[in-house]
Amino acid sequence: MIEILNPTLVARARDTGALVADILQTLKGRSAVGTNLLDIDRWAKAMIIEAGAQSCYVDYEPSFGRGPFAHYICTAVNDAVLHGRPHDYALADGDLLTLDLAVSKGGVAADAAISFLVGEARPPASVAMIGATERALAAGIAAAGPGARIGDISHAIGTVLSEAGYPVNTEFGGHGIGSTMHQDPHVSNTGRPGRGYKLRPGLLLALEPWVMEDTARLVTDADGWTLRSATGCRTAHTEHTIAITEDGADILTLPKQARP
């Protein structure tokens with residue numbers, strides 16, 4: 001299903017997106033050496049409930065996962081990249097942590113992810129990889145607007161990632177979002193311009209460039225959810241929810257300090 005939202009629902013999506021962004025920034029600020037992933041999950045739960053919102057994850061049970069996800073946020077560390085299930089792990093200096101959060105409020109969902117380094121260590125390869133996903137996301141957003149097509153977004157994202165030297169996996173990518181978290185159209189992280197669904201005002205998309213340092217192959221963790229790089233290399237993942245408008249793309253999940 002491809003859902004086109006009316007202006008009232010787009011306004012609600014802005015509120016949901018702001019909530020997602022603010023929760024992620026709060027959690028980033030609390031994620032220090034020694035922080036346990038289960039604590040991050042508990043903090044996310046408390047903030048979602050306090051805001052009167054609903055988790056898109058806790059009861060989520062798609063075909064690619066094993067049973068309900070049963071947590072409020074995805075926490076992926078180092079070689080984990082997608083659907084990271086929180087578990088009993090204390091963060092170490094230099095860990096590359098991805099937090100991925102989707103919530104629903106007022107009947108509209110928003111989804112975003114951030115990757116960052118914990119503590120003081122700054123491994124250059126990890127810094128470069130995070131930067132590549134952020135640049136790819138910016139390129140995808142710049143390519144989105146009325147009259148553009150999904151392939152234009154995919155091509156823009158894939159060009160940045162490939163030119164930075166990263167293999168691109170096409171099993172998982174961005175997606176439509178609205179009254180539910182995962183909708184059509186699928187937005188691959190590589191593609192051909194001028195192809196695919198033509199964008200329309202009122203369409204919400206979650207764009208999410210993600211890469212693994214030296215492979216495009218994923219393996220599933222024993223928890224039935226967490227996807228890791230097949231070689232054990234590090235990974236990074238950045239995501240925003242955007243709304244297509246008459247003028248271009250409106251980023252709904254900007255953190256407070258970056259909002260106009």
Are [Y] and [X] connected into the same hydrophobic cluster when the rule is that any two of I, L, V, M, F, W, Y join if their side-chain heavy atoms are below 4.5 Å apart?
X    : Y   : value
M47  : I40 : yes
L19  : I48 : yes
M181 : V20 : no

Just by distance, do the side chain of [X] and the backbone of [Y] share a donor-acceptor pair under 3.5 Å?
X    : Y    : value
K105 : Q54  : no
W43  : I23  : no
R66  : A222 : yes
R122 : V127 : no
D15  : R12  : no

Looking at side-chain heavy atoms only, is the closest gap between [X] and [Y] below 4.5 Å?
X    : Y    : answer
I73  : T75  : yes
L205 : I150 : yes
P123 : L117 : yes

Any residue meeting salt bridge (charged side-chain N to carboxylate O under 4.0 Å, His left out) with D39, in chain and number order, not counting sequence neighbours: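 D39 satisfies salt bridge (charged side-chain N to carboxylate O under 4.0 Å, His left out) with R42 once adjacent residues are dropped.
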Donor on one side chain, acceptor on other, [X] and [Y], under 3.5 Å:
X    : Y    : value
S179 : E3   : yes
T231 : D214 : yes
H240 : T253 : yes

How long is the straight-line distance from [atom2] of [Y] back to [atom1] of [X], given to the nearest 0.5 Å?
X    : Y    : atom1 : atom2 : value
L37  : C74  : CG    : SG    : 11.5 Å
I4   : L9   : CD1   : CG    : 12.0 Å
T220 : L227 : OG1   : CG    : 5.0 Å

Atom pairs and distances, donor-acceptor, side-chain atoms in residues 186-197, under 3.5 Å, two or more places apart:
unit_1	atom_1	unit_2	atom_2	d
S188	OG	T190	N	3.3
S188	OG	T190	O	2.9
N189	ND2	E208	O	3.1

Ring pair (Phe, Tyr, Trp, His ring centres under 6.0 Å) involving H182 - partner list, sequence neighbours excluded: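 H182 satisfies ring pair (Phe, Tyr, Trp, His ring centres under 6.0 Å) with Y60, H175 only.
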Residues that D247 engages under side-chain contact (heavy atoms from CB on, under 4.5 Å), provided they are two or more places apart: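 Counting only residues at least two positions away or on another chain, D247 forms a side-chain contact (heavy atoms from CB on, under 4.5 Å) with T245.
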Summary of salt bridge (Lys or Arg N to Asp or Glu O under 4.0 Å) pairs that have at least one residue in residues 217-230, sequence neighbours excluded: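 Listed once each, the pairs are D79-R228, D221-R228.
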Would you tabulate the side-chain donor-acceptor contacts of residues 89-101 under 3.5 Å, counting partners in other chains and residues two or more places apart, or write 'none'?
unit_1	atom_1	unit_2	atom_2	d
Y89	OH	D95	OD2	2.7
D93	OD1	E120	N	2.6
D93	OD1	A121	N	3.2
D95	OD1	N78	ND2	3.0
D95	OD2	A92	N	2.9
T98	OG1	S115	OG	2.5
D100	OD1	Y57	OH	3.1

Chi angles and distances behind the side chain to side chain donor-acceptor pair (under 3.5 Å) call for T226, R85: CA-CA 6 Å; T226 304; R85 208 159 182 253; over 6 Å; no
For L252 against A13, the heavy-atom pair lying closest together: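 Heavy atoms only, the tightest pair is CD1-CB, 3.8 Å.
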